[in-house]
Participant: 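Here's a structure for you.
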Amino acid sequence: MSKVLVINPILYTAETNRIPQVDSIKDTMIYTMCLGFLRAGHEVTLIAASDYRPVREERYAFPVLWFGTACRKLFMPRCFPYMPGIRRYLRNHKEYDIIVTSEVFATWSYTAARVAPEKTIIWHELAAYNNMLHKMPAKFWYRFVARFFMRRARVVPRSEQAGAFIRQFMPRVATEPVDHGVDLEKFPLSGEERRKDCFAVVSQLIPRKRISHTIEAFDRFVKAGHETYGLHIIGAGEEEASLRQLVQRLGLEKKVTFHGRLSHEELLPIVAASKALLVSTEKDNNMVSVVESIALGTPVVTTTVPYNAAYIRREELGIVADDWSAEALSRIVAENDRYVANCLAYRERLSNVSCAERFLALQEQGQG
């Protein structure tokens, strides 16, 4: 049994400096990953920024430590938080066998790589320079800080693109990416799943997600002779009113359902019953909704933007095409059984337990 410390200050995405308050963190990607370590038979502790602490008290399956952030105008908690207490904690707690941190371009990863480089594995997602301040801080960080002061730490990329990017600066990068894991206990399969004539969107309703493109493609699909189909839009955001107007203008009020924000328990049955998850995003990294859809056996129609697109295309877990159209929806419906079978065959690789075990195997092998 190993003792694992996970440092992931940012628990969920905030589009502005005003971090939204949530009731629970149990649906977050990193909580699921920590459960993977726990179910693999190891002790795990999570460190997160106090800015992301839920508004109500809840009990966790493992210790969660909330660290305060400092210098908040310079180190904005939504994208680049600085938690000075981490250095002291790492120096005083040497009992951990492995320290998993998120991102190379991060103050906490730098601290771990300096205090305990032989124990640190950085789980890296970005495949390009961060846009903050015209990319200058990120370029300095990768080219100087990471290259000269963090090189002893191992790096595990979350995608092929992230791996290709970070190898320019770090020498100990694992060959095989590890994507966001999912808790398969929350994605049970009865063997009798029935797909309905519908598609699902699970997304913030904001401009970069291009939900209007999805609705317009769905409209053309319906008008091409698929009048029985519906579209479920799960999520909320600033574009909801304009998207509702678009649906009304296209005469799709009876075919498009806006659900607003739903809990995992509420949204999973909708995705599981759909022919496909639809993604039109123009800016994203690895998308947890994509991983969860595949775990449910639901194929994905997506642009090439999400890093998940590489293995979706390779394993034929759906259709990958920029500006995909009604034709893609017709194809995913016509070949749905094949795509579903591919997703079900692939889902074990997305298990949070499987992902956790790959981190531990890397640490035991002592190779990056």
Participant: Could you go through the side-chain contact (heavy atoms from CB on, under 4.5 Å) check for Y346 and I312 one step at a time?
Facilitator: CA-CA 10 Å; Y346 192 80; I312 291 173; over 6 Å; no
Participant: Does the side chain of V279 come within less than 4.5 Å of D284's, by heavy atoms?
Facilitator: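 Counting from C-beta outward, D284 and V279 never come under 4.5 Å.
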Participant: Below 30° counts as parallel, above 60° as perpendicular, anything between as tilted: where do the rings of F80 and W108 land?
Facilitator: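 Geometry flag for W108 against F80: tilted rings.
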Participant: Which atom pairs, donor and acceptor, lie under 3.5 Å between side-chain atoms of residues 296-305 and protein residues at least two apart or in another chain?
Facilitator:
{"unit_1": "T298", "atom_1": "OG1", "unit_2": "R195", "atom_2": "NH1", "d": "2.5"}
{"unit_1": "T298", "atom_1": "OG1", "unit_2": "V271", "atom_2": "O", "d": "2.8"}
{"unit_1": "T303", "atom_1": "OG1", "unit_2": "T281", "atom_2": "O", "d": "2.9"}
{"unit_1": "T303", "atom_1": "OG1", "unit_2": "V305", "atom_2": "N", "d": "3.4"}
{"unit_1": "T304", "atom_1": "OG1", "unit_2": "D322", "atom_2": "OD1", "d": "2.9"}
{"unit_1": "T304", "atom_1": "OG1", "unit_2": "D322", "atom_2": "OD2", "d": "2.9"}

Participant: Yes or no on side-chain contact (heavy atoms from CB on, under 4.5 Å) for R87 and Y110, after CA distance, side-chain angles and deciding distance?
Facilitator: CA-CA 10 Å; R87 179 176 296 276; Y110 170 81; 4.1 Å; yes
Participant: First locate atom SG of C355, then atom CE of M33, and finally report the distance between them rounded to the nearest 0.5 Å.
Facilitator: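 That separation rounds to 4.5 Å.
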Participant: Does any non-hydrogen side-chain atom of F165 lie less than 4.5 Å from one of H124?
Facilitator: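 Contact flag for H124/F165 side chains = yes.
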Participant: Could you check whether N8 and S102, counting side-chain N and O atoms only, form a donor-acceptor pair closer than 3.5 Å?
Facilitator: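 Indeed, the side chains of S102 and N8 share at least one donor-acceptor pair under 3.5 Å.
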Participant: Does the side chain of R72 pick up a donor-acceptor pair with the side chain of T69 at under 3.5 Å?
Facilitator: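 Checked: R72/T69 side chains pair up, N/O donor to acceptor below 3.5 Å.
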Participant: Is the closest basic N to carboxylate O distance between E239 and K209 below 4.0 Å?
Facilitator: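 Answer for the salt bridge query: no.
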Participant: For F37, enumerate each residue passing the ring pair (Phe, Tyr, Trp, His ring centres under 6.0 Å) test, keeping only those at least two apart in sequence or located in another chain.
Facilitator: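 Once residues adjacent in sequence are excluded, F37 has no partner under the ring pair (Phe, Tyr, Trp, His ring centres under 6.0 Å) criterion.
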Participant: If only side-chain N and O atoms count, and only distance matters, is there a donor-acceptor pair under 3.5 Å linking E266 with S263?
Facilitator: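 Judged by distance alone, the side chains do pair up.
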Participant: Going through the distances and angles, do I215 and D219 end up as a side-chain contact (heavy atoms from CB on, under 4.5 Å)?
Facilitator: CA-CA 6 Å; I215 293 172; D219 176 57; 5.5 Å; no
Participant: Angle between ring planes, H93 versus Y89, binned at 30° and 60°: parallel, tilted or perpendicular?
Facilitator: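 Parallel, since the angle between the ring planes stays under 30°.
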Participant: Would you call E240 and R244 a salt bridge, using N to O less than 4.0 angstrom?
Facilitator: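 Looking at E240 and R244, the cut-off is met.
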Participant: Tell me which one of S242, S203, S280 satisfies side-chain contact (heavy atoms from CB on, under 4.5 Å) with I211.
Facilitator: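 In the set S242, S203, S280, the residue that makes a side-chain contact (heavy atoms from CB on, under 4.5 Å) with I211 is S203.
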Participant: Restricting to non-hydrogen atoms, name the atom on K26 and the atom on K186 that form the minimum distance, rounded to 0.1 Å.
Facilitator: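 Answer, listing the atom of K26 first, then K186: O-NZ, 3.6 Å.
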Participant: Going by atom types alone, do H264 and E292 pair a side-chain donor with an acceptor below 3.5 Å?
Facilitator: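 Result is yes, a qualifying pair exists.
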Participant: Which side-chain N or O atoms in residues 129-140 pair as donor and acceptor under 3.5 Å with protein atoms at least two apart or in another chain?
Facilitator:
{"unit_1": "Y129", "atom_1": "OH", "unit_2": "R143", "atom_2": "NE", "d": "3.2"}
{"unit_1": "Y129", "atom_1": "OH", "unit_2": "R143", "atom_2": "NH2", "d": "3.4"}
{"unit_1": "N130", "atom_1": "OD1", "unit_2": "M132", "atom_2": "N", "d": "2.8"}

Participant: Can a salt bridge be assigned to the pair D179 and R349 using a cut-off of 4.0 Å between side-chain N and carboxylate O?
Facilitator: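 Salt bridge flag = no for R349 with D179.
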Participant: Please evaluate residues L350 and F187 with respect to the criterion side-chain contact (heavy atoms from CB on, under 4.5 Å), reporting the C-alpha separation (whole Å), side-chain torsions for both, the decisive distance (0.1 Å), and the verdict.
Facilitator: CA-CA 11 Å; L350 299 175; F187 298 78; over 6 Å; no
Participant: Just do the ring pair (Phe, Tyr, Trp, His ring centres under 6.0 Å) check on F218 and Y229 with the steps written out, would you?
Facilitator: CA-CA 9 Å; F218 174 73; Y229 276 78; 7.8 Å; no
Participant: Taking the side chain as C-beta and beyond, is there a heavy-atom pair between Y142 and L126 under 4.5 Å?
Facilitator: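 In short, these two side chains touch, coming nearer than 4.5 Å.
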Participant: Does this structure show an ion pair linking R78 with D51, if we count only N-O contacts that are shorter than 4.0 Å?
Facilitator: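 The answer is no: the pair does not qualify as a salt bridge.
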